[in-house]
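A note on names: the letters A, B, ... follow the listed sequences, proteins ahead of strands, and every chain is numbered from 1. Just so it is clear, the model here is predicted, and its values are computed rather than measured.
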Amino acid sequence: MTEISMAQALNAALRDAVKDDDRVLIFGEDVGPLGGVFRVTDGITADFGEERCFDTPLAESGIVGFAVGMAMGGFRPVVEMQFDAFAYPAFEQITSHVAKLRNRTRGALSLPMVIRIPYAGGIGGVEHHCDSSEAYYTHTPGLRVVTPGTPQDAYDLLRDSIDSPDPVIFLEPKCRYWSKEPVSFTRDGAPMDRAVVRREGKDVTLIAYGPMVATALETAEAAKAEGWDVEVVDLRSLSPFDDETVTASVRRTGRAVVVHEAAGFGGYGAEVVARVTEQCFHQLHAPVLRVTGLDIPYPPPKLERHQLPDVDRILDTVARLQWNDEPVVAGA
Amino acid sequence: MTEISMAQALNAALRDAVKDDDRVLIFGEDVGPLGGVFRVTDGITADFGEERCFDTPLAESGIVGFAVGMAMGGFRPVVEMQFDAFAYPAFEQITSHVAKLRNRTRGALSLPMVIRIPYAGGIGGVEHHCDSSEAYYTHTPGLRVVTPGTPQDAYDLLRDSIDSPDPVIFLEPKCRYWSKEPVSFTRDGAPMDRAVVRREGKDVTLIAYGPMVATALETAEAAKAEGWDVEVVDLRSLSPFDDETVTASVRRTGRAVVVHEAAGFGGYGAEVVARVTEQCFHQLHAPVLRVTGLDIPYPPPKLERHQLPDVDRILDTVARLQWNDEPVVAGA
Amino acid sequence: MSRETPAAALLPSEVPVRFLAEDGTRADEHGGYAEPPSDRLVEAYRLMVLGRRFDAQATALTKQGRLAVYPSSAGQEACQVASALALTEADWLFPTYRDSVALVARGLEPGEILTLLRGDAHCGYDPATTRVAPQCTPLATQTLHAAGLAHAMQRRGEDAVAFALIGDGATSEGDFHEALNFAAVFKAPVVFFVQNNGFAISVPFEKQSAAPALAYKGVGYGVRSEQVDGNDAVAVLSVLDDAVAHARAGRGPVLVEAHTYRIDAHTNADDATRYRDQAEVEKWRAADPVRRLETYLTGRNLLSDNDIERFRAEAETFAAGVRDTLNADVEPDPMSLFEHVYAVPTRQLAAQRALVAAELEAVEG
Amino acid sequence: MSRETPAAALLPSEVPVRFLAEDGTRADEHGGYAEPPSDRLVEAYRLMVLGRRFDAQATALTKQGRLAVYPSSAGQEACQVASALALTEADWLFPTYRDSVALVARGLEPGEILTLLRGDAHCGYDPATTRVAPQCTPLATQTLHAAGLAHAMQRRGEDAVAFALIGDGATSEGDFHEALNFAAVFKAPVVFFVQNNGFAISVPFEKQSAAPALAYKGVGYGVRSEQVDGNDAVAVLSVLDDAVAHARAGRGPVLVEAHTYRIDAHTNADDATRYRDQAEVEKWRAADPVRRLETYLTGRNLLSDNDIERFRAEAETFAAGVRDTLNADVEPDPMSLFEHVYAVPTRQLAAQRALVAAELEAVEG
Ligand SMILES: Cc1ncc(C[n+]2csc(CCOP(=O)(O)OP(=O)(O)O)c2C)c(N)n1
Ligand SMILES: Cc1ncc(C[n+]2csc(CCOP(=O)(O)OP(=O)(O)O)c2C)c(N)n1
Ligand SMILES: [Mg+2]
Ligand SMILES: [Mg+2]
């Protein structure tokens, strides 16, 4: 296994999918000769021809709507939205068609398509280039939403997404594009709808995904100094949600913190808190807390560090999990 | 005070706003001579002229983007999206501009505009006419999101929204357009960012908004038979959230259920559960539960009753709030 | 700057193409277009009679509460029937909510056409086998699907085109613009057919667009365009045949605008007197497409009184069938709600299905 | 069907309007357009020299890490400077991220123009006082704002127009279509100026559109349109002056397309060799707008060597100022994050502000 970056792992997944299945087509803005602004499609046009990987006019609703038609016509489009906020023009197509076509036609038409969206911040991008837009998609029934936290998962999840008979919103954490690890191409990882425990621990569960998986792991290391043994769960699939893996962990530890970059209010973390609390209420020593982005438009580069959950903020939150309290008597 | 319907109360609010402030303009699809498909703008063009209330071309992004320009130019546009799902074409304008312009310009430009959206189901509408899209907006910092549950609030909240210096997403519960009550036009109700206790009770708090307020009140009546004294909180303002009123209620009752029509997963209710749980953990006898729409595309008319939270489903959920348990020992 | 087709070749004719005057006599403002063979015109007439009767029946069913709502095609029969006739079975049709008559002409089951508006399901027919996309409500969105599907067929070398119906109002949506552009850039075999019926619900065309005609939009995308009298079935069929042939031959997309009129209100639930004069409606009634074609065909002895009688009888029988179908009570299965959200229901949905099943059991005892 | 303006009156001239050949001699393919007065041409030249120097300076600052990113206007100076010169102070300008040179020509502070790209704040200047909207990144969205603002000014009877800049790629977005349509229907005093620089990042115009030229889009909305050689400052200024006058006179919106070329990569972070030949770039360098105007003006004795020297010196001083401004360290205040989300911070934001303040205090000890 050679060590490759997440961007390279995604590139490998796309290449292998194009190789294995004639129906797979890659298109979008600048994905052709340029290879995408993050080089995720680097060299694919050169190696497989414009037939398989091509540039389109600059219109996101157009790209997604055109992909819907192509998927209806038997292809498996993998389209790229150049940045998170630039997927918004496609919101109607995604919400009213991509998510619903199978349902509307009672299974007569399916839409095996993948919408790749580089998301979240941490790379010093200017406004509109750093949104964490997962909550918009996870609240839309009919979509699968996945996000890798590691290069290996980038490969595995993208292959699985392309093979999925359901449309998938594939969220790529920009700030991890350049993170590296050895990646195997054998596709024997966890199924695409399962969370994984990335690190075992017995005192508290950190629930993270995408860009925050690495931050959670770092926090777990730092927490040792405080005497906390931290378990880290990487959700991978935001929708559907893997209750089993997550609640098993929280039941073991009795404490949990959900971490994400998106604004907290109405964010994805709220769902995690709500369902974990409902299922683990009697095992919880403290409320499930969240460490999230602030409830503000994503800040300019020079201020973005205040927006992003970091080790300190997560540790401060872990510290609030009522470690010294007596067992809580409800109603007291 | 004469008894009027919610649609009439909204109409009165629009008329009074147009009368009181020259800058207020109403526009959108079919809001002119027709008076809107729900007659909310009925007679306004006739009475105030096309200058003040007019039809536009059929393009929601266009309507919202044009309104942004008009608000930049000193007007106070009140625009209508004909139905919930037909606001999606405007999603980019709403998310990237309406919500952010004040922030982007550090206060140099403000956008006093209101986007009225008839939302939710319960009227036998066909697909794409019944979405509960509040979660998309409440997760977007910079927007205010309000929704009336009663004719009186329809009047008060719409007046306040039009006067607000911030952009407001004004969600109108379609199925309550025809509900009636005596309405006063004196504007001495609660401020637009406050929740209100619609009915006092001591055993459990039902948290509802928009179309579900009436359902929650009905449930409270029905719950008497089961021996439960139910308090009903009407949120009114979904963003910002009135923690004070809601947590005060839940602390009193020790139990809470959040009710909404939207799909549960990643829905607005999750935020309510997460923040109430965090703030009231030690007072809770049971996890805060949700009664929501199913996680499916909104069903066709003949099946919509299965989608909508009703008295029975809410009572069943209240019954699950561990009434017979011993006080809960956390960690047990 | 050097482009394949000079701009002038893309522009529509200055006046709408017409074969028939309003009184059914020949008008011959048809440029070089050929009159379709008479058997096609008779078939068009038959289907227009059928379609009109179907339409009246559907509206009647709304009054009896058998249909939740119905957007009538009355006055647009020439456009709708010609749309179906211009296509082969292999071609894909992308209708809107208004295009029931086109689906009748295409041969779909009336009960299945009305499933959506009856409230049983979102789409009554099988799009894969009928090659008819679900009746589309979010305006203009289907034009992109049509462009994409056309491109898919083109890639596979299928001898088929996609045909997208759209209203005048919907042309204002961004998706229409993006669809024209994608279709042109990919040279996809797709025809965009605008039925400009003068209104988008209550909004008259004058408030919708300041263009000389919507057909003038094509040139801005490099798309060949045409405008046609939408109440002249001969002209509509001729122009659409030509457009479809152009697309089928791999010469790229075509935009056709038909000038027609929505005789009824937007739907049975709408009150058109709030926003338009009855005089205008009467003026357009005089341009009725069915009568116009009938006069022309009888005048040329292509249609006998006997034929007319037969077609009307057929239409009556058809309408009776529609009535019977719609009067039969169908109760959609609540469990179906959970079946097609994903290819395989998620655990989450399985739990919700169990909940609803338990509720139903409790009620049914 | 009877529309105010016949279609032909809306179409652009068949070849782009031009006053100057590439070598700076008169070309006179300018139809009826008038040459702008020479003092305006000299002023245009001065600003183009200034703009080019500014642009080079900004690119240099990216290499030194003083700017996060910079999209260069090199090669587009004629378009950008003419945009500013065509407007009065009362007019509103709606720029994109690429239009820094237009803002320089408009007289904005260079430090404020670069605030966004430096990463300090989303917008460095005050749009209300400068009447320059924030540099817009979400493509084509600003064209709608321009149309709306133009309509607002029109309602108030202000003698002012809105002027929206947009790139070739961005014209493919639905919002551009909707903006043209709204502008036309409301007859708003707005000019849409497309700088067709041949590329949208890596995507060449051929893949963006199959239209004979983008200017052909106007007729489909009833919008008067024109196309112009974007590297001929005389032509661009003349055409824009005319377009602005047309809008200002209440005669409705205008669409102008300038054919130009993006000499540098999309931004400093882009590698243009991946998708285009250097030969093409060289071809366009020969059409350089600054030199072309210089040749013309010196040939007509409107510009002396002395003037040129003076303008260059002024540009150097200006660039030095830009350097100094950008080299000064500015630390934006974290508390500002919470100030302008709402007119008055919500309780929720006040709590978050307190949290961040506490963190800062902890760090600062
Ligand atoms: C995106 C969107 N916006 C609004 C609506 C609501 N709506 C339904 S039909 C209609 C008018 C459409 O007019 P037109 O395109 O001319 O078609 P017609 O009904 O005349 O056939 C409107 C506004 C919708 N269905 N979709
Ligand atoms: C809605 C949207 N989609 C994608 C992008 C990313 N993006 C930024 S610039 C650009 C190319 C724009 O090309 P063009 O309009 O020709 O302007 P130019 O950069 O050439 O001046 C793209 C795709 C964006 N900013 N907004
Ligand atoms: Mg219409
Ligand atoms: Mg460009």
Verify the ring-centre separation between F192(C) and F163(C): is it less than 6.0 angstrom? no
Turns out that what part of S225(D) lies under 4.5 Å from chain C's heavy atoms comes down to neither
Note: vs chain C, highest number of non-hydrogen pairs under 4.5 angstrom among N196(D), V223(D), L214(D), V185(D) is V185(D)
Between H145(C) and Q142(C): side-chain donor-acceptor atoms closer than 3.5 Å: no
One option among G252(C), G174(C), G218(C), A215(C) has the most heavy-atom pairs under 4.5 Å with chain D, and it is G174(C)
Are any of the side-chain nitrogens in E280(C) or K283(C) under 4.0 Å away from the carboxylate oxygens of its partner? no
Turns out that what part of L11(D) lies under 4.5 Å from chain C's heavy atoms comes down to side chain
Chain C shares the most heavy-atom pairs under 4.5 Å, among K207(D), H177(D), K217(D), E173(D), with H177(D)
Is the closest side-chain donor-acceptor distance between N181(C) and S172(D) under 3.5 Å? yes
Check: Does a side-chain N-to-carboxylate-O contact under 4.0 Å join R224(D) and D242(D)?
Finding: yes
